[in-house]
Protein chains: 2
Amino acid sequence: MNLKDITQSLKDSGYKLTPQRIAIIKVMLSFDKPVSASKAHQKLKEHHPNVSLDTIYRSLHLLSSLGIVTQINLANRERELFELAHHHHHLVCLKCGKVICFDACPMSCTETEEIAVNQNFSIVSHAFEVYGYCSNCK
Amino acid sequence: MNLKDITQSLKDSGYKLTPQRIAIIKVMLSFDKPVSASKAHQKLKEHHPNVSLDTIYRSLHLLSSLGIVTQINLANRERELFELAHHHHHLVCLKCGKVICFDACPMSCTETEEIAVNQNFSIVSHAFEVYGYCSNCK
DNA sequence: ATCCATGCAAACGGTTTGCAATATA
DNA sequence: TATATTGCAAACCGTTTGCATGGAT
């Protein structure tokens, strides 16, 4: 998804296109890994010092409700992280917090779906994170 | 792991055996799913009204450092959850928060280990959670 | 002109910490 | 007795909210 698609999606849903929202979307597009709201704020301040942290939270939650952004909680970090929605999983360094994304998906090969059927549970999404030490920290 | 094993492990590591710690371990043994510190506190108050929430946090972190307790963060819940350590994964209901544990493990069948080797990443642990709606909520 | 979105500042809630009192070994 | 542990209360920090101002449609 690019900037045009995302702004169109906002308009289609009846939300206004403000400079702050555009700036936030651009910043999210510039990251290739999950980031905290305050990390996004930091990056944003370089060129848009006038966007408040509250607005970042509100915009990310809005984008999240439209399925444009995904929200995750990694086991060893206290803060919520956000990233543009696309299906993948993460290697997470327990020391430095570095996140490496990868595409392999466990759903294709576990008996998870079978288990869900037995429990009469309907699957919506899933999370798979692998923790350890990156090349610098091990 | 039972009460004896756990208290022994505490003693072996030079920690003192207090009534509070024993009560906390017993409560954790009584749960078969991850619980928040305050949920444990609630249950504890039934028979041990004199254990403070701070002590629960401190004890759970201590047990966590000994590998007796595991700490997880589910995507849709804000609070940290704790459970006695044993390897498994979770189905999590997005509506009522119900957690169903299951044993199937995705590590055995994804190419994750291969990816880790390519990234020079050493794996310590992993998390796999499946979100959706339970039989009551769907 | 209307009403949504923003910024500010304060509230919130779960978690952590300093310190003095207490209990374990 | 010495030292780790506890309880209390306050601090902490990321996140959320109320409200008045300002901006997009």
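Remember, it's a predicted structure, so these values are computed and weren't measured experimentally. Naming: A, B, ... by sequence-line order, numbering from 1 per chain.
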A.B. asks: Once you round it to whole Å, what is the distance between P of C:dT22 and NZ of B:Lys16?
C.D. replies: 15 Å
A.B. asks: Would you check if the side chain of B:Ser59 reaches a backbone N or O of B:Ile56 as a donor-acceptor pair within less than 3.5 Å?
C.D. replies: no
A.B. asks: Quick one: does any side-chain atom of B:Ser38 pair with a main-chain N or O of B:His41 as donor and acceptor, under 3.5 Å?
C.D. replies: no
A.B. asks: Taking for each residue the nucleotide of DNA chain D bearing the nearest heavy atom, is the 5' side occupied by B:Arg58 or by B:Gly14?
C.D. replies: B:Gly14
A.B. asks: In this structure, how many angstroms lie between the P atom of C:dT16 and the CG atom of B:Leu60, rounded?
C.D. replies: 10 Å
A.B. asks: Can you find a pair of side-chain heavy atoms, one from B:Lys45 and one from B:Val51, that are under 4.5 Å apart?
C.D. replies: no
A.B. asks: Report the distance from atom CD1 of B:Ile22 to atom P of C:dA23, rounded to the nearest whole Å.
C.D. replies: 15 Å
A.B. asks: Any luck finding a side-chain donor-acceptor pair between A:Asn118 and A:Glu114 under 3.5 Å?
C.D. replies: no
A.B. asks: Does the plane of the ring in B:His89 sit parallel, tilted or perpendicular to the ring in B:His126? Use 30° and 60° as the thresholds.
C.D. replies: tilted
A.B. asks: Whole angstroms only, please: what is the NE2-C1' distance between A:His41 and D:dC13?
C.D. replies: 16 Å
A.B. asks: Mind checking whether B:Phe128 and B:Met107 have side chains closer than 4.5 Å, heavy atoms only?
C.D. replies: no
A.B. asks: Starting at atom CD1 of B:Ile24, determine the distance to atom P of D:dT5, rounded to an integer number of angstrom.
C.D. replies: 12 Å
A.B. asks: If the cut-off is 4.0 Å, is A:Thr18 near the phosphate of C:dT6, judged by side-chain N/O to OP1 or OP2?
C.D. replies: yes
A.B. asks: In this structure, how many angstroms lie between the C1' atom of C:dT24 and the CG atom of B:Leu62, rounded?
C.D. replies: 15 Å
A.B. asks: OP1 or OP2 of C:dG7 sitting under 4.0 Å from any side-chain N/O of A:Gln20?
C.D. replies: yes
A.B. asks: Give, for atom CD1 of B:Ile123 and atom OH of A:Tyr131, the distance between the pair rounded to the nearest 0.5 Å.
C.D. replies: 13.0 Å
A.B. asks: Does any residue of residues 45-56 of chain A have a heavy atom under 4.0 Å from DNA chain D, and if so, which ones, in number order?
C.D. replies: A:Asp54
A.B. asks: Tell me the interatomic distance from B:Tyr15, atom OH, to D:dT5, atom P, rounded to whole angstroms.
C.D. replies: 7 Å
A.B. asks: Mind checking B:Arg21 for me? I need base, sugar-phosphate or nothing, with any heavy atom below 4.0 Å counting as a touch.
C.D. replies: sugar-phosphate
A.B. asks: Taking only side-chain N and O atoms of B:His61, does any of them lie within less than 4.0 angstrom of OP1 or OP2 on C:dT16?
C.D. replies: yes
A.B. asks: Using whole Å, what does the distance between atom C1' of nucleotide D:dT5 and atom CG of B:Leu17 come to?
C.D. replies: 12 Å
